[in-house]
Amino acid sequence: MEKSKSFKYYSEEPESPHPWNAEFGISYASDRRYAFSRQSSFKQSMRDPQIPSFSNGSSKPFLSRNVSSIDIPPGFYSFDHSKEGNFDAKGSADKFLVFDSVFWVFRVMRTGNRQMKRLLIMISLNVAYSTAELAIGLFTGRIGLVSDAFHLTFGCGLLTFSLFAMAASRRQSDSVYTYGYQRLEVLSAFTNALFLLFLSFSLAVEALHAFIQDESEHKHYLIVSAVTNLLVNLMGVWFFRNYARVNLVYRKPEDMNYHSVCLHVLADSVRSAGLILASWFLSLGVNNAEVLCLGLVSVAVFMLVMPLFKASGGVLLQMAPPNISSSALAKCWWQIKSHEDVIEVSQARFWELVPGHVVGSLSLQVKKEMDDRRILEYVHNLYHELGIHDLTVQTDYA
């Protein structure tokens with residue numbers, strides 16, 4: 001029977017031809033996980049038990065393949081280079097890889113999709129506007145303009161990180177990041193959501209300070225800044241209008257990142273609209289207009305961002321997949337436990353690597369001297385129907 005690529009199970013025959021001895025570890029007969037057994041050429045020296053000696057004069061130990069082990073190519077781990085004394089070469093290679101990665105990201109940004117190019121335009125406009133606002137604020141001595149310029153600069157940094165995540169997530173998986181780089185998009189969405197929650201809190205504090213000190217009448221000079229900022233952010237909202245819904249269903253990791261960018265520019269737009277509305281109410285003689293408007297904006301930003309914060313944080317914390325009900329997982333667990341060849345089911349864990357990619361693992365204790373391929377295929381088919389396509393099953397003999 002041909003095994004699927006997503007169907008992995010680790011096994012070690014109970015009668016392994018190279019069992020571990022007491023010098024290097026203990027191997028139980030019922031343990032059916034992958035294990036490495038040390039061969040006769042890898043013995044400890046009697047003179048120095050910490051330094052291995054090699055009978056064939058080789059400078060590297062080797063791992064031979066038996067029934068249950070896998071081969072590791074030489075140079076896979078970083079300490080292979082340190083054994084050869086190539087520290088300088090390794091440092092140069094690391095620097096080269098870093099520069100190569102940076103250049104690769106810039107090439108992807110330049111030749112990226114439409115959303116990446118639109119986000120690059122948004123960042124450029126915000127950087128130009130925040131620079132001009134900072135210069136005017138320093139020249140005229142307006143602390144409000146300087147504060148708003150720093151706020152926009154920090155927001156530009158987060159948008160730049162979102163753009164970097166869009167580009168870097170296209171890289172293929174390697175020996176270090178075996179799952180790939182797609183979780184960068186989830187991390188970017190979480191960072192944007194955290195910043196917007198801090199923005200909501202700061203607006204609430206500002207509204208409370210204005211209520212206590214009664215300083216609402218001296219903020220009219222921010223009206224020009226608010227109008228300009230509103231126009232720039234409305235263009236960003238138009239660019240990412242397909243992701244403007246609050247409870248968006250994330251089918252891919254880029255959906256979460258695009259949604260965070262849309263909420264970022266939407267929250268800035270709501271903030272600018274609130275400042276404009278407060279200035280207009282103050283001109284009409286409404287008391288505490290800034291307190292009312294900033295309070296409403298704070299609540300609106302909090303309500304917009306909280307679903308994204310929960311979703312992205314749940315993925316990073318490896319919570320159970322929200323698209324699979326806990327009752328369905330419990331039903332599969334009971335079906336496996338009631339199988340005639342299964343004695344115990346333990347360590348059943350399921351989480352979302354990224355939106356749209358569910359990973360699972362569980363451990364089975366089965367009857368001795370039975371063909372476990374049948375039960376493994378049964379378990380795989382059960383969870384495959386739930387949408388879990390990356391499943392790892394470990395079997396142990398009773």
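What you see below is based on every heavy atom in this structure, not just the backbone, and it leaves out hydrogens, waters and symmetry mates.
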(message) If you compare all heavy atoms of S260 against all heavy atoms of S188, which two are closest, and at what distance to 0.1 Å?
(response) OG-O, 4.4 Å
(message) Any donor-acceptor pair under 3.5 Å linking the side-chain atoms of S162 with those of Y258?
(response) no
(request) Run the numbers on L158 and F154 for side chain to side chain contact (heavy atoms under 4.5 Å, CB included), then give the verdict. (result) CA-CA 7 Å; L158 293 177; F154 190 71; 4.1 Å; yes
(request) State, with a plain yes or no, whether a side-chain heavy atom of L391 is found less than 4.5 Å away from one of L362. (result) yes
(request) Indicate yes or no for a side-chain donor-acceptor contact from S283 to the backbone of W280 under 3.5 Å, with no hydrogens or angles considered. (result) yes
(message) Grouping I, L, V, M, F, W and Y whenever their side-chain heavy atoms are under 4.5 Å apart, do L120 and F164 come out in a common cluster?
(response) yes
(request) Answer yes if the side chains of H339 and Y378 hold a donor-acceptor pair under 3.5 Å, and no otherwise. (result) no
(message) Check for me whether the distance between the ring centres of H389 and Y383 falls short of 6.0 Å.
(response) no
(request) Return the set of residues passing salt bridge (Lys or Arg N to Asp or Glu O under 4.0 Å) with K252 (not counting sequence neighbours), or none when no residue passes. (result) E254
(message) For N257 versus A165, what's the shortest heavy-atom pair and its separation?
(response) ND2-CB, 4.0 Å
(message) Under a 3.5 Å distance rule, please check whether R251 uses its side chain to pair with a backbone N or O of G356 as donor and acceptor.
(response) no
(request) Could you label the plane-to-plane angle of the H357 and Y179 rings as parallel, tilted or perpendicular, counting under 30° as parallel and over 60° as perpendicular? (result) perpendicular
(request) Could you tell me whether K331 atom NZ has more than 12 heavy atoms of other residues or ligands within 6.0 Å of it? (result) no
(request) Indicate yes or no: at least one non-hydrogen side-chain atom of L184 is less than 4.5 angstrom from one of V186. (result) no
(request) For Y181, enumerate each residue passing the ring-ring contact (aromatic ring centres under 6.0 Å, His included) test, keeping only those at least two apart in sequence or located in another chain. (result) Y177
(message) Between S225 and E133, do the side chains contain a donor N or O and an acceptor N or O under 3.5 Å apart?
(response) yes
(message) Closer than 3.5 angstrom, by distance alone: can the side chain of S272 be matched with the main-chain N or O of S269 as a donor-acceptor pair?
(response) no
Per-pair distances, 0.1 Å, donor-acceptor, side chain in residues 343-354, under 3.5 Å, sequence neighbours excluded:
none

(message) Is any side-chain heavy atom of L329 closer than 4.5 Å to one of I388?
(response) yes
(message) Same cluster or not: L152 versus V261, using hydrophobic residues (I, L, V, M, F, W, Y) connected whenever any side-chain heavy atoms lie under 4.5 Å apart?
(response) no
(request) Specify the closest pair of heavy atoms between C156 and I123, including all atoms of both residues, with the distance to one decimal. (result) SG-O, 4.4 Å
(request) Determine the minimum heavy-atom distance between L275 and A226, stating which atoms define it. (result) CB-CB, 4.1 Å
Which atom pairs, donor and acceptor, lie under 3.5 Å between side-chain atoms of residues 295-313 and protein residues at least two apart or in another chain?
unit_1, atom_1, unit_2, atom_2, d
S298, OG, S200, O, 2.7
S298, OG, S200, OG, 3.2
S312, OG, L308, O, 2.8
S312, OG, F309, O, 3.4

(message) Is there a side-chain contact between L196 and L199 in this structure, where contact means two heavy atoms from C-beta onward sitting under 4.5 Å apart?
(response) yes
(message) Between D148 and R271, does any side-chain N to carboxylate O distance fall below 4.0 Å?
(response) yes
(message) Between V265 and F198, is there shared hydrophobic-cluster membership here, with clusters defined by ILVMFWY side-chain heavy atoms closer than 4.5 Å?
(response) no
(request) Measure the CG-CG distance between L386 and L382 for me, rounded to the nearest 0.5 Å. (result) 8.0 Å
(request) List the atom of G274, the atom of C293, and the distance in Å for their closest heavy-atom pair. (result) O-CB, 3.6 Å
(request) Would you please test Q182 and S169 for side-chain hydrogen bond (donor to acceptor under 3.5 Å, both in side chains) and show each step? (result) CA-CA 4 Å; Q182 292 186 340; S169 63; over 6 Å; no
(request) List, by chain and then residue number, the residues other than V146 in its hydrophobic cluster (Ile/Leu/Val/Met/Phe/Trp/Tyr, side-chain heavy atoms under 4.5 Å); write none if there are no others. (result) L134, L138, F150
(message) With a 4.5 Å cut-off on side-chain heavy-atom distances among I, L, V, M, F, W and Y, is there a chain of contacts connecting V249 to Y243?
(response) no
(message) How close do L187 and T191 get, counting heavy atoms only, and between which atoms?
(response) O-OG1, 2.8 Å
(request) In sequence, state the C-alpha distance, the side-chain angles, and the governing distance for N126 and M122, and then conclude on side chain to side chain contact (heavy atoms under 4.5 Å, CB included). (result) CA-CA 6 Å; N126 276 283; M122 275 291 305; 3.4 Å; yes
(request) Flag yes if L294 and F201 sit in one hydrophobic cluster, no otherwise; membership is Ile, Leu, Val, Met, Phe, Trp, Tyr, and two members link when side-chain heavy atoms are under 4.5 Å apart. (result) no
Pair up each side-chain donor or acceptor in residues 315-324 with any protein partner under 3.5 Å, not counting sequence neighbours, and list the distances.
none

(message) Let me confirm one number: the CD-CD distance from E290 to E206, rounded to the nearest 0.5 Å.
(response) 6.0 Å
(request) May I ask you to check whether H264 and F240 place their ring centers less than 6.0 Å from one another? (result) no
(message) Please check: side-chain N/O of T228 versus main-chain N/O of V224, any donor-acceptor pairing under 3.5 Å?
(response) yes
